[in-house]
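Heads up: numbering here begins at 1 and tracks the sequence. Keep in mind it's a predicted model, so treat the numbers as computed, not measured. Just so you know, these numbers use all the heavy atoms, side chains as well, and skip hydrogens, waters and symmetry mates.
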Amino acid sequence: MTSTTPDPTATALAQTATATAAAAAAPATNTAPTATPDPAGTTATATTAPTAPTATDPASVAAAASSSSVPADSAPVTPTSEAERLRRWRLVLGGGGADGTGCELRGRDAAMDGALASLYGREKGSGGKAPGGRRAAGLGASAPGVARWLGDIRTYFPSSVVQVMQRDAIDRLGLSALLLEPEMLEAVEADVHLVGTLLSLNKVMPETTKETARAVVRKVVEQLEKKLAQRTRATLTGALDRSARISRPRHRDIDWDRTIRANLKNYLPEYRTVVPERLIGYGRAAQSVKKDVVLCIDQSGSMAASVVYASVFGAVLASMRALDTRLVVFDTAVVDLTDQLDDPVDVLFGTQLGGGTDINRALAYCQSRITRPTETVVVLISDLYEGGIRDEMLKRVAAMKASGVQFVTLLALSDEGAPAYDRDHAAALATLGAPAFACTPDLFPDVMAAAIEKGPLPIPDMAEQR
């Protein structure tokens with residue numbers, strides 16, 4: 001199952017490159033340069049909204065490269081010299097007789113161009129160009145050579161661009177096997193996508209590499225926990241407090257919206273005021289368990305990033321005493337990893353990315369573990385490509401909803417935007433009151449808070465996610 005949407009890591013490139021470099025990338029892929037167009041885009045400002053480059057387009061990476069050598073704290077933009085314009089065009093176009101610049105790169109620029117050509121250029125002797133004027137894959141699969149190349153790109157490019165180039169090297173050139181070597185893992189720039197690749201290789205990974213792989217995964221997980229944990233706990237603690245209504249609240253705990261609605265009959269027109277005969281307030285979450293949460297995660301290959309984020313969030317939720325959290329992963333089999341939630345790295349290495357999908361079977365297991373339906377939130381994270389019994393799956397969702405379960409369907413839990421998904425199943429779930437949508441890690445705490453409070457979910461615009 002593969003996504004049909006543009007690679008969202010283009011956003012990272014757009015953020016990395018300045019507005020001037022982004023302006024340079026557009027003409028590089030559409031028209032030949034002349035003396036008039038300025039690839040530096042000297043009239044662009046920080047508010048310019050250029051078309052985002054695709055992450056696998058070497059021109060995008062080169063545009064970011066050309067801008068990275070310009071000091072970020074330089075004086076106000078001044079007209080770019082002809083030599084500088086040619087230099088930037090040369091980095092964008094990749095050299096060869098067809099680039100039309102006649103510019104020779106030296107020093108750092110030549111080294112950056114060499115790093116780009118190693119990935120996007122042909123083997124030596126081909127001029128670094130593929131038919132049609134584009135670079136083509138040419139990085140050899142030698143572990144020492146790739147390790148040196150990884151060191152080079154970390155020297156010349158910012159981290160966000162390094163991550164894009166690593167993904168290109170793995171996806172375009174089939175270098176996944178090289179990640180089985182410890183020295184390679186120590187050289188790469190760790191991110192969520194690399195963790196997904198490592199998890200997919202887990203079963204074929206030699207013992208000598210597993211410890212290094214776990215260290216890489218732990219580094220990413222700790223970074224995500226540091227970023228996400230505090231806000232998640234704060235948001236959900238507030239939601240748990242608000243979900244417990246009391247009739248004799250302290251002044252600071254009064255829910256004014258509900259109190260006013262409940263006392264509208266006591267409105268005095270002459271005084272233009274409402275007499276609050278009945279107060280409604282927020283409770284305070286006690287130490288006992290208030291809500292049950294079930295995370296049901298599709299571990300098919302296309303859901304790798306979602307599995308990583310869901311495991312981290314699962315560990316954060318499990319650390320909250322007011323929540324009883326269960327984490328279930330599935331393909332055609334169902335595995336309950338709840339007992340490993342104290343360490344999300346163990347959870348991740350307990351998954352097995354790839355294989356088929358049986359959502360109905362997974363939901364049957366989750367349904368059997370629900371003991372307090374009106375206090376339970378079930379979160380299904382899946383692209384909804386069902387290999388099991390479709391009608392039974394929908395019946396289970398309907399039954400859980402009817403019993404009082406808050407059912408949330410996330411097509412993805414990642415920064416990758418809306419994925420490819422089964423639209424018929426999504427529409428069927430929406431008719432049952434369980435609309436399916438893609439959710440970013442930043443939005444997830446708000447989604448969970450709304451589900452805990454039994455309020456409307458903050459569903460993003462799917463069109464904007466594409």
Point to revise | Full working for side-chain contact (heavy atoms from CB on, under 4.5 Å) between Leu429 and Leu384 | key: CA-CA 10 Å; Leu429 287 172; Leu384 301 180; 3.9 Å; yes
Point to revise | Contact check, side chains of Val379 and Leu413, non-hydrogen atoms, under 4.5 Å | key: no
Check your understanding: Atom CE in Met303, atom CG in Leu410: separation rounded to 0.5 Å?
Key -> 8.5 Å
Check your understanding: Looking at Glu386, Lys395, Arg390, Arg396, which hits side chain to side chain donor-acceptor pair (under 3.5 Å) with Asn360?
Key -> Arg396
Check your understanding: Do the side chains of Met320 and Leu236 get nearer than 4.5 Å, heavy atoms only?
Key -> yes
Review point. Taking atom CG of Asp422 and atom CG of Asp383, what is their separation to the nearest 0.5 Å?
Key: 8.5 Å
Check your understanding: Less than 4.5 Å apart, any side-chain heavy atom of Val294 and any of Val405?
Key -> no
**Study point:** Min side-chain heavy-atom separation Phe157-Val164 under 4.5 Å
**Key:** no
Point to revise | Pairwise distance CD1(Ile359) to CZ(Phe330) - rounded to 0.5 angstrom | key: 5.0 Å
Point to revise | Considering all heavy atoms, the nearest Ala190-Val216 contact | key: CB-CG1, 3.8 Å
Point to revise | Residue pair Ser300 / Asp298, side-chain donor-acceptor N/O under 3.5 Å | key: yes
**Study point:** Any donor-acceptor pair under 3.5 Å from Thr237 side chain to Ala234 backbone
**Key:** no
Practice item. Taking the side chain as every heavy atom from C-beta outward, state whether Phe444 and Thr232 have any pair of such atoms under 4.5 Å apart. Key: no
Exercise for review: Could you walk me through whether Val334 and Val328 pass the side-chain contact (heavy atoms from CB on, under 4.5 Å) test, one step at a time?
Suggested key: CA-CA 7 Å; Val334 180; Val328 177; 3.4 Å; yes
Check your understanding: Taking it one step at a time, do Leu341 and Leu317 satisfy side-chain contact (heavy atoms from CB on, under 4.5 Å)?
Key -> CA-CA 9 Å; Leu341 275 175; Leu317 298 180; over 6 Å; no
**Study point:** pair Pro460-Leu443: side-chain heavy atoms closer than 4.5 Å
**Key:** yes
Study note, to complete from the structure: The reported gap from CG in Leu295 to CD1 in Ile381 (rounded to nearest 0.5 angstrom) is 6.0 Å
Review point. Has Lys454 got more than 12 heavy atoms of other residues, nucleotides or ligands less than 6.0 Å from its NZ?
Key: yes
Check your understanding: At their closest point, which heavy atom of Arg231 faces which heavy atom of Asp446, and how far apart are they?
Key -> NH2-OD2, 2.8 Å
Check your understanding: Does the side chain of Asp415 reach to within under 4.5 Å of the side chain of Pro441, using non-hydrogen atoms?
Key -> yes
Point to revise | Nearest heavy atoms of Val378 and Met400, plus distance in Å | key: CG2-SD, 4.4 Å
Practice item. Measure the spacing between CZ of Arg214 and OG1 of Thr209 and express it to the nearest 0.5 Å. Key: 14.0 Å
Point to revise | Pair Asp346-Arg218, salt bridge (Lys or Arg N to Asp or Glu O under 4.0 Å): steps then yes or no | key: CA-CA 10 Å; Asp346 287 341; Arg218 187 170 298 281; 5.2 Å; no
Exercise for review: Would you please test Asp191 and Leu194 for side-chain contact (heavy atoms from CB on, under 4.5 Å) and show each step?
Suggested key: CA-CA 5 Å; Asp191 67 349; Leu194 176 63; 3.3 Å; yes
Review point. Less than 4.0 Å between a side-chain N and a carboxylate O, is that true for Arg361 and Asp331?
Key: no
Check your understanding: Are there more than 12 heavy atoms of other residues, nucleotides or ligands under 6.0 Å from atom CD of Gln223?
Key -> yes
Study note, to complete from the structure: CG of Leu411 to CZ of Arg423, rounded to nearest 0.5 Å, is 9.5 Å
Check your understanding: Do you know which two heavy atoms are closest between Leu198 and Ala213, and how far apart they sit?
Key -> CD1-O, 4.3 Å
Practice item. State, yes or no, whether a side-chain contact exists between Val316 and Leu228 at a heavy-atom distance under 4.5 Å. Key: no
Review point. Under 3.5 Å, is there a donor-acceptor pair between the side chain of Asn263 and the main chain of Glu277?
Key: yes
Exercise for review: Mark yes when over 12 heavy atoms from residues, nucleotides or ligands other than Ile389 sit less than 6.0 Å from its CD1; otherwise mark no.
Suggested key: no
Review point. At their closest point, which heavy atom of Ser403 faces which heavy atom of Thr374, and how far apart are they?
Key: O-CG2, 3.8 Å
Point to revise | Heavy-atom closest pair, residues Leu327 and Asp336 | key: O-OD1, 3.4 Å
